[in-house]
Amino acid sequence: SDNASNAIISITNIDIAPIARMLGRPDLAARVDGAVDIAESAGTLNGDAELNFRDLRVIQSGLPAVRARLVATIVENSISTRFNLVDVEQNLEIDGAADLQLRAVDQSLAYTLDTAAPIFVALTGSGDISALLGLVGPPDVSLDGQINLDLSGQGLIETISLTGPVTLR
């Protein structure tokens, strides 16, 4: 028999601080709203998700907060993600995309990234480097200036390299 499972989750005003601490970034703060709709049947996952991060910032950094939006679609274990990061104060806007493959771990409805399958990643955007580096860089590194980037790459997650122009000024 087919043991299908379905989950619909509504997320309203969730504080990301506990998750950020688990990921080793206790200096990140934000509130998240969104929805997740996932269906699983016989080792195959399908669904979609949309998460909106408000007031995403590095605590006590003096950097302005940003807004971020993540949209993901899963079709037969293939996940396609798109995100947008905007900081109106610093004129920063970054768009990203990643296409990944998931695989069932066992019969427990657990899934993981299939590291044997190729992935695709793209990042484009421009704006104040300090706002971007504050969110994704090491906490003890700082840079000032503007960044323009148009990067993409395809390959295995362990060996993928992104290529394309990056300009710092």
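As a basis for the values below, the full set of heavy atoms in this structure was taken, side chains included, without hydrogen atoms, waters or symmetry mates.
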Margin query: Taking A98's backbone N and O only, do any of them form a donor-acceptor pair with T81's side chain (distance below 3.5 Å, no angle check)?
Written below: yes

Notebook entry, point to check: Excluding sequence neighbours, so at least two apart, what forms side-chain contact (heavy atoms from CB on, under 4.5 Å) with S10?
Noted result: T12

Next item on the list: Using the rule that two of Ile, Leu, Val, Met, Phe, Trp, Tyr join whenever any of their side-chain heavy atoms come within less than 4.5 Å, decide whether F120 and V75 are in one cluster.
Entry: no

Next item on the list: Provide the full list of salt bridge (charged side-chain N to carboxylate O under 4.0 Å, His left out) pairs with a residue in residues 150-169, sequence neighbours left out, each pair given once.
Entry: none

Margin query: Show me the pairs that pass salt bridge (charged side-chain N to carboxylate O under 4.0 Å, His left out) and involve residues 12-23, at least two apart or across chains.
Written below: D15-R31

Next item on the list: Look at the side-chain heavy atoms of Ile, Leu, Val, Met, Phe, Trp and Tyr, link any pair under 4.5 Å apart, and say whether M22 and L28 land in one connected group.
Entry: no

Notebook entry, point to check: Which atoms form the tightest heavy-atom contact between G164 and L151, and what is the distance?
Noted result: O-CD2, 3.4 Å

Item checked: Residues that L45 engages under side-chain contact (heavy atoms from CB on, under 4.5 Å), provided they are two or more places apart -> I38, E40, I74, N77, L102, Y111

Next item on the list: Hey, could you give me the CG/CD1 distance between L113 and I119, rounded to the nearest 0.5 Å?
Entry: 7.0 Å

Notebook entry, point to check: If you round to the nearest 0.5 Å, how far is CG of D128 from CD of Q146?
Noted result: 5.5 Å

Item checked: Results of side-chain contact (heavy atoms from CB on, under 4.5 Å) for I8 - residues two or more places apart only -> N6, D37

Notebook entry, point to check: Among the clusters formed by ILVMFWY side chains lying less than 4.5 Å apart, do L143 and L123 turn up in the same one?
Noted result: yes

Check: Considering residues at least two apart in sequence or located in another chain, which fulfil the side-chain contact (heavy atoms from CB on, under 4.5 Å) criterion with T167?
Finding: N148

Run the side-chain donor-acceptor check on residues 46-58: report pairs under 3.5 Å with partners two or more places apart or on a different chain.
| unit_1 | atom_1 | unit_2 | atom_2 | d |
| --- | --- | --- | --- | --- |
| N46 | OD1 | E76 | N | 2.7 |
| E50 | OE1 | R69 | NH2 | 3.4 |
| E50 | OE2 | N52 | ND2 | 3.3 |
| E50 | OE2 | R69 | NE | 3.1 |
| E50 | OE2 | R69 | NH2 | 3.3 |
| R54 | NE | D33 | OD2 | 2.7 |
| R54 | NH2 | N13 | OD1 | 2.8 |
| R54 | NH2 | D33 | OD2 | 3.1 |
| D55 | OD2 | R57 | NH1 | 3.0 |
| R57 | NH1 | D55 | O | 3.1 |

Notebook entry, point to check: Does L162 share a hydrophobic cluster with I157, counting links as ILVMFWY side-chain heavy atoms below 4.5 Å and allowing steps through other members?
Noted result: yes

Margin query: Using the salt bridge (charged side-chain N to carboxylate O under 4.0 Å, His left out) criterion, which residues pair with R82? Sequence neighbours excluded.
Written below: D99

Next item on the list: Indicate if I94 and L168 have the same hydrophobic cluster label, given that clusters are the connected sets of ILVMFWY residues with side-chain heavy-atom separations under 4.5 angstrom.
Entry: yes

Notebook entry, point to check: Looking only at heavy atoms, which two atoms of D144 and S130 are closest? And how far apart?
Noted result: OD1-CB, 4.0 Å

Item checked: side chain to side chain contact (heavy atoms under 4.5 Å, CB included) evaluation trace for T112 with R103 -> CA-CA 6 Å; T112 188; R103 66 175 174 78; 3.6 Å; yes

